[in-house]
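Heads up, the thing below is written out as structure tokens.
Below, chain A is the first sequence line, B the second, and so on; all start at residue 1.
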Amino acid sequence: MSIHIEQPGLRSLFQPTFNLELCDGCGECAEQCTFNEIRIEPRGDKRIPAASGRSCGACHRCEVVCPRSAIRIEERPLALRYHGVWKGKDITRVHLQSASGAVALGGLGADTDVPTYWDRLMFNACQVTNPSIDPQREPMETTTHLGRKPESFKERKDNHSASLLRLNLPLVFAPMSYGSINLTLQKAMARVAREKGMLWYSGEGGLHEDLYPYADIAVLQVASGRFGVNPDYLQKASAYQIKIGQGAKPGIGGHLPGEKVLSGVSKTRMIPEGSDAISPAPQHDIYSIEDLRLLIYAIKEASGYKPVCVKIATVHNVAAIASGIVHAGADMVYLDGYRGGTGAAPNIVRDTVGIPAELALAAVDQRLREEGIRNQASIVVGGGFRNSGDVMKAVALGADAVAIGSAALISCGCHSCQRCHSGKCPWGLTTNDPIIGKRLDEDWAVERLSNLVDGWHHEMKEIMGLNGIYDIGSFRGNRLVLRGVGISDKELEILGVKHAGE
Amino acid sequence: MYSYAMQTLLVFSYCRAKAPAKLFYLAGAFFIALKTAEKETELMCGIAGLISHQRRRESGERIKRAIVLQNDRGNGLGAGYGAYGIFPGYEELYVLHIMASTETAMEQAATFIRRCFTVHKQEPVPVWNRVITDHPYFQFFFVEPAIPDGQRLPGEESDDDYVITKMMSLNKEVQGAYACSTGKDMAVFKGVGTPRDIYDFFQLDNYEGYSWLAHNRFPTNTPGWWGGAHPFNAVDWSIVHNGEISSYGINRRYLESHGYFCHMQTDSEVIAYLFDLLIRRHGLSITDATTALAPPYWATVERLEDLEEKERLTMLKIIYEQTMLNGPFAVLVSFSGGMFSLTDNTKLRPMTTATQDGYTYFASEISALYEMQENLKEIFTPRAGQPVIALYDRPAQNSGVSA
């Protein structure tokens, strides 16, 4: 059994408050709350809302939908005596686990103060000797190719470029499975990927037939549960991804609760309705690097030699692991960082396992270069990318492309209440409930995601232009455009970046 | 607009047959952001070059006039010359031109060189130290690799690779000593001073070569020191460069993963190594190599209807993404097979050329061309990203390079 920290039945850390002078008792808030926090009570001849104070998770659905703007979510932390070691979070967790004997779960990415190195890296800009370029006036190109590239021009084959994946900009939608997220959201991401020249990753949920038209720009996943994998599936996509690990929960498997396995999911994943979908921690046919090589080539054979990507969580020995993966035949390495999101992971794993994506990315890129195999595989990195600055810093460290997952959810309304596993997502994002799921309108989601990508794309071009670079190829791996601020020599050495002022 | 005929005018000897169509793409595609003379007043360096297609030897007199005229393009913190064909009788030997800050450093460099090479001749480079009193020591070593082919370490199998690897080690390991040039039958002369000072210091009146490069430096982002002056050399390849390489960070990392290490504290250094890697080691033609370094935009490639050409450019752009040079540049490259120039594909630095009576001339300014040859009938200013390739009528022995 597992529990969430803000388990219904206990006191919640948030609570809606109502301005009864504004409220007209329409009841929309109670209607919209999927966690039964709000009920409508008669008072005299009026109907008024009341909060239970037991299950609010600060999703802000009621606050946003209230036609009178009469609701505010307020935090109500326990007024604990200050202690330098025992913080409120720690005390609450001990209370909850003592009550239940369960593993405490959380969603989204790691919730700790482990440094985010993106905030410690600054971009350069042209002054005097080298003119900056105005992307509004001059060509600025972000075309990116993923896959195995020949070492030299002589080694290319006829029509070689067709074997590579072409992106208009170095962004992809991160793997989030149908089941963990709504089909509508997956469809919206696929549509935006088509419109913007990106790729979308399926995650381990199979490929719903509504998404067949978008399979040619999809990277479909073969993970430890093998959900939805069949010969047809292995023919359709542009590339395949073998998932070894996930940044939010390295080393452990996945668990889609039976409540979320409704008819569509059941059909797509090829499992009985209502049954828990368990992805084992390891892939039980991969116990060694040789086994991985077998699977990589099995998928290549089955798919007609489409590019194969191997996804790993960033852990201590990530550079050596990535090198092994490339030597084993992978055409792409997907690094999922410590801050990578999830529908549900044990908090203890999410917060204490793995290393930040920045350090891992820098180490992997450098290692592959030292071994002279950087051209054999592209590096895609994901894990808590918040804005275009983070993206361009990753590109400068050496990433071929960056995956956005959490940002895509937030773009479509997610307020990070971290109850994805409940199947009751008030924004209709991480649920396939036939009623709540309808809250997400596909066209609206497409517009939101499309705007987000456009905005970031403009900013990425600005960052290139102010560095005097018109093609992202000259930005990629160009660590001289970065300087570190306030980080140690060792961290700078691993990042391959000079300190500001040098 | 230049006529099609004019664009092909400067296609010499061996590149005559195939170049027009390719040059057309390189030249015609970049009108979007074509920039011309008005940008030339930014911080700058000066470039000049001349080549005799019949390999007639001459002293540095004409090249001196061309670069001294461009005195204001520098600030006295660096100038240099590169001359090919100056050691008749020694054509088969590598000439290591070593610069050392102290006599001890020179001795250590000599020890290092004797360990790796058979030294046929060693002599101090004649200098006139009344012009510049505070200067490093210079020596020529005429050498061949001491370790025969077949017994060398991986990556050093060819003589050129062996020489490059050893010179990288010398630059790194011997404190205060650097290799100015390492090619056959050629040398680079460079230092801190005005073009006239450096010419007089090295007494270049006394050398006769069939191609000459010259550079006048205005150092900006990197220090003005003797090793940082142009030309930069990697065995056969010598380059002079006006501009700044915004892509230096990734160019350098790409080169490092291919065994080239940068020690000269100047971005221009990478260009010499890139041509050595692309043309000599990867076997690219000059046109393909210059396309890799200054490729057309993706938007231009997309519009091409010739599918074979489209695939060629696409793959060049993909494979050599990390060798692409971003930022403003005009580069002049000299090697045993000829000389060629290249500018960035928005042309933020000037380059102008002329050909007459068996010679081709290159310079940053038209006036400098006239210093080398009076009464020029025609002057050709290449467009953004368009290379101008001048080859000798007779190719050098063992030269597999094509235009």
ask   = Is the shortest heavy-atom distance from the side chain of A:Thr143 to the side chain of B:Lys317 under 4.5 Å?
value = no
request  = Identify which part of A:Glu151 has an atom lying under 4.5 Å from any heavy atom of chain B, answering side chain, backbone, both or neither.
outcome  = both
task = Please indicate whether A:Met122 has more than 12 foreign heavy atoms, meaning atoms of other residues, nucleotides or ligands, lying under 6.0 Å from its CE.
result = no
inquiry  = Quick check on A:Leu164 against chain B: is it the side chain, the backbone, both or neither that has a heavy atom closer than 4.5 Å?
reply    = side chain
query = Would you say the side chain of B:Asn326 lies within less than 4.5 Å of the side chain of A:Phe475, judging by non-hydrogen atoms?
reply = no
ask   = For the side chain of A:Asn478 and the backbone of B:Ser246, is there at least one donor-acceptor N/O pair under 3.5 Å apart?
value = yes
key: A:Glu141 side chain vs B:Tyr297 backbone, donor-acceptor pair below 3.5 Å   = no
query = Does B:Arg281 reach the side chain of A:Ser152, with side-chain heavy atoms less than 4.5 Å apart?
reply = no
request  = Considering only NZ, NE, NH1 and NH2 on the basic side and carboxylate oxygens on the acidic side, decide whether A:Arg166 and B:Glu302 come within less than 4.0 Å.
outcome  = yes
inquiry  = Please verify the inter-ring angle class for A:Phe153 with B:Tyr320; under 30° counts as parallel, over 60° as perpendicular, anything in between as tilted.
reply    = tilted
inquiry  = I need the residue from A:Gln366, A:Lys154, A:Arg369 with the largest number of non-hydrogen atom pairs under 4.5 Å to chain B.
reply    = A:Arg369
task = Over all heavy atoms of both residues, which pair between A:Ser161 and B:Met315 is shortest? Give the atoms and the distance, please.
result = N-SD, 3.6 Å
key: CD1 on A:Ile469 to CG on B:Leu325, rounded to 0.5 Å   = 11.5 Å
query = Is it the backbone or the side chain of A:Asn159 that comes under 4.5 Å from a heavy atom of chain B, or both, or neither?
reply = both
query = Quick one: what part of B:Leu316 sits under 4.5 Å from any heavy atom of chain A, side chain, backbone, both or neither?
reply = both
ask   = Quick one: do the A:Arg476 and B:Gln322 side chains pair a donor with an acceptor below 3.5 Å?
value = no
message = Walk me through whether B:Ile319 and A:His160 qualify under side-chain contact (heavy atoms from CB on, under 4.5 Å).
response = CA-CA 11 Å; B:Ile319 298 169; A:His160 198 129; over 6 Å; no
task = Tell me, with the steps shown, if B:Ile318 and A:Arg156 meet side-chain contact (heavy atoms from CB on, under 4.5 Å).
result = CA-CA 11 Å; B:Ile318 291 173; A:Arg156 76 193 190 284; over 6 Å; no
ask   = Roughly how far, to the nearest 0.5 Å, is CG of A:Leu480 from CZ of B:Arg252?
value = 7.5 Å
ask   = Contact part of A:Asp471 toward chain B, heavy-atom cut-off under 4.5 Å: side chain, backbone, both or neither?
value = both
note = dist B:Trp298:CH2 -> A:Thr144:OG1 (nearest 0.5 Å) comes out at 9.5 Å
remark   = Nearest heavy-atom approach of A:Gly473 to B:Glu321 is CA-CG, 3.3 Å
remark   = If one checks every heavy atom of A:Glu371 against chain B at 4.5 Å, the contacting part turns out to be neither
